[in-house]
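Step one of this worksheet: look at the structure below.
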Amino acid sequence: MKRRYSTEIITVIHGSTIIKSFFIILSLLLFVFSLSAVMTSLKPEYRLSSKSVHTVTNQFTGKMLFSLLANENHYFFSVLPKEKESSGLSKGLLKLSTNISLDDPRSLLGRELPGFSIFDNEILVAGEGTDYTNMPYESSPPIDVLNEERDADLQNVDGIKEPQADTKETPAQTTKGRKVVHIYQSHNRESFLPYLKGVTDPNLAHHSQINITKLGTRLQADLVDKGVGAFHDTTDIMANLNKKGLTYPKSYQESRLAIQAAKVENKDLEYFIDIHRDSRRKKDTTVTLKGKSYAKIAFVVGRNNPNYEKNAALATKLHNALQKKYPGISRGVMKQGGAGHNGVYNQDISSNAMLIEIGGVDNTFEEMYLTVDAFADVFSEYYWEAKAVDNVKGDSEAQ
């Protein structure tokens, strides 16, 4: 009799525990939906985006419901996988209630806060030391700097070597005069602090003469040395924007016009490379390899273009090849798009289009030239290997 009463008491306790858990879950869900209703009724500038609401609600899974019940009644642990019976519950609840992920420090700052959209990107392939705290980013120069087109005084420029093609030895393979690579710079006046006298602010690292275009010239020379014909477009995009009264974000729109003209003029073009530099400081953009200081390189893929998957695949192959021959030189492959980003970067023009960030505001041309040489080495190998595969396919199809 005593045992029967004990069993009934336990049953009542279990029943009340389940009811208690049910009301906890129901209250939590009502809170989430109420909060969503309130936030989505606010003015647009204060409103949560549907993406944020979707992100929050996606965190509440069936496993979390069982875990909540199991914390109140351990009997429910029996239906959870033993190795993960409470896996991710605390993290999930934190993410559910605050939209903060312990695996992503950017979420602590809030994805809806103005100014933080520059960090709302994704790492597709992480290079050594790359995480969400040191991803590449570009900052626009102040409007007055752009409008006045004023240049800082220069320093340390005597040691800059002008890159030239070394054609002493004929490459084993050549494109036979065809220019198959188009090199350009959408932000052509991006410059570097070591050469700008009195300038310490990365946002002010812009110059009409000493800038990123020198890397394009170097890359063209390197590729020619390796038999890959290349054209370097030195169009002053910034000057064109000023003439047309356009803002800095229209840089890609302006460089697109030059690319389209080049494609019409030269049907041999196969690859399109947009060269930039990062706004991060030297500790994030530099690596030492065999006693030499190299600027790091990063690949940026726009997620809002129809060639995204092919662009990403190409960038990943080149990243892996660089890591194999020059370990640590690549920061990885980053996906950018959405609010605050172009998200296309003219990569819809070709499945063989890419945007590369070489170095940062603190790097020297000596460091960056070494990296350009490394990239040209890997890219030319990739190019000729791809050509060999295409030739084999062509022969098999002809048969």
Side-chain angles (χ1 to χ4, degrees), residues 105-106 109 113-123 126-127 129-146 150-152 156 184-216 237-238 241 247-252 255 273-287 293-302 315 329-343 345 354-365 367-368 371-372 375:
R106 300 171 302 162
L109 302 174
L113 295 178
F116 285 109
S117 62
I118 59 172
F119 300 104
D120 195 14
N121 307 318
E122 183 179 341
I123 299 174
T130 299
D131 56 36
Y132 283 108
T133 67
N134 57 20
M135 287 179 67
Y137 78 94
E138 293 181 333
S139 56
S140 301
I143 295 177
D144 59 336
V145 173
L146 299 178
R150 62 173 184 261
D151 279 338
N156 305 321
Y184 66 106
Q185 302 83 199
S186 292
H187 294 159
N188 67 292
R189 293 192 182 182
E190 288 181 328
S191 190
F192 311 93
L193 295 177
Y195 306 101
L196 306 179
K197 190 174 182 179
V199 180
T200 58
D201 184 351
N203 291 332
L204 302 180
H206 292 262
H207 200 276
S208 63
Q209 301 300 318
I210 301 300
N211 53 47
I212 199 75
T213 57
K214 288 186 176 296
L215 304 190
I237 301 297
M238 195 67 252
L241 291 179
T247 58
Y248 196 68
K250 299 295 184 182
S251 298
Y252 294 101
S255 62
I273 304 174
D274 191 2
I275 303 178
H276 294 250
R277 63 104 174 102
D278 197 2
S279 292
R280 289 202 176 276
R281 307 312 295 261
K282 194 158 188 173
K283 66 181 180 65
D284 293 321
T285 64
T286 315
V287 64
S293 183
Y294 285 70
K296 286 189 174 184
I297 186 172
F299 297 87
V300 176
V301 182
I329 197 174
S330 178
R331 298 169 69 186
V333 182
M334 320 297 164
K335 179 170 72 172
Q336 291 189 355
H341 297 281
N342 179 279
Y345 307 116
M354 68 188 83
L355 187 158
I356 56 176
E357 303 258 5
I358 299 179
V361 290
D362 294 315
N363 286 107
T364 65
F365 280 107
E367 294 166 335
M368 292 181 290
T371 302
V372 171
F375 175 78

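Both backbone and side-chain heavy atoms feed into the values below; hydrogens, waters and symmetry mates do not. Owing to the predicted nature of the structure, the values given are computational and were not obtained by experimental measurement.
- Every side chain to side chain contact (heavy atoms under 4.5 Å, CB included) that N134 has, sequence neighbours left out, goes to T130, D131, R280, D284.
- Contact record, A295 with M368: CB-CG, 3.7 Å, taken as the closest heavy-atom pair.
- Residues that satisfy the side-chain hydrogen bond (donor to acceptor under 3.5 Å, both in side chains) test with Q185, not counting sequence neighbours, are H232.
- Residues forming a ring-ring contact (aromatic ring centres under 6.0 Å, His included) with F192 (at least two apart in sequence, or on another chain): F365.
- D362 meets the salt bridge (Lys or Arg N to Asp or Glu O under 4.0 Å) test with R281; sequence neighbours excluded.
- Summarising the geometry, atom CG belonging to D151 is positioned 6.5 Å from atom CZ belonging to R189; distances are rounded to the nearest 0.5 Å.
- For Y294, there are no ring-ring contact (aromatic ring centres under 6.0 Å, His included) partners, not counting sequence neighbours.
- Residues passing the side-chain hydrogen bond (donor to acceptor under 3.5 Å, both in side chains) test with R331 are D278, sequence neighbours excluded.
- Listed by chain and number, the residues in a side chain to side chain contact (heavy atoms under 4.5 Å, CB included) with K283 amount to none (sequence neighbours excluded).
- Residues passing the side-chain hydrogen bond (donor to acceptor under 3.5 Å, both in side chains) test with S255, sequence neighbours excluded: S186, N346.
- Once rounded to the nearest 0.5 Å, the distance linking OG of S191 with NZ of K214 reads 10.0 Å.
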side-chain contact (heavy atoms from CB on, under 4.5 Å) between L193 and T200, worked out: CA-CA 6 Å; L193 295 177; T200 58; 5.6 Å; no

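- The closest donor-acceptor contact from the side chain of H207 to the backbone of A152 lies under 3.5 Å.
- For the ring-ring contact (aromatic ring centres under 6.0 Å, His included) test, residues two or more places apart in sequence or in another chain that qualify with H187 are Y248, Y252, H276.
- The closest side-chain donor-acceptor pair between Y132 and E122, if any, does not fall under 3.5 angstrom.
- Of all heavy-atom pairs between T286 and K296, the closest is O-CE, 3.7 Å.
- Legend: residues meeting side-chain hydrogen bond (donor to acceptor under 3.5 Å, both in side chains) with T285, ordered by chain and number and at least two apart, are N363.
- Side-chain contact, N188 with T213: no donor N or O sits under 3.5 Å from an acceptor N or O.
- In terms of heavy-atom proximity, L204 sits nearest to L196 at O-CD1, 4.1 Å.
- Among residues two or more places apart in sequence or in another chain, the salt bridge (Lys or Arg N to Asp or Glu O under 4.0 Å) test is passed with K282 by E367.
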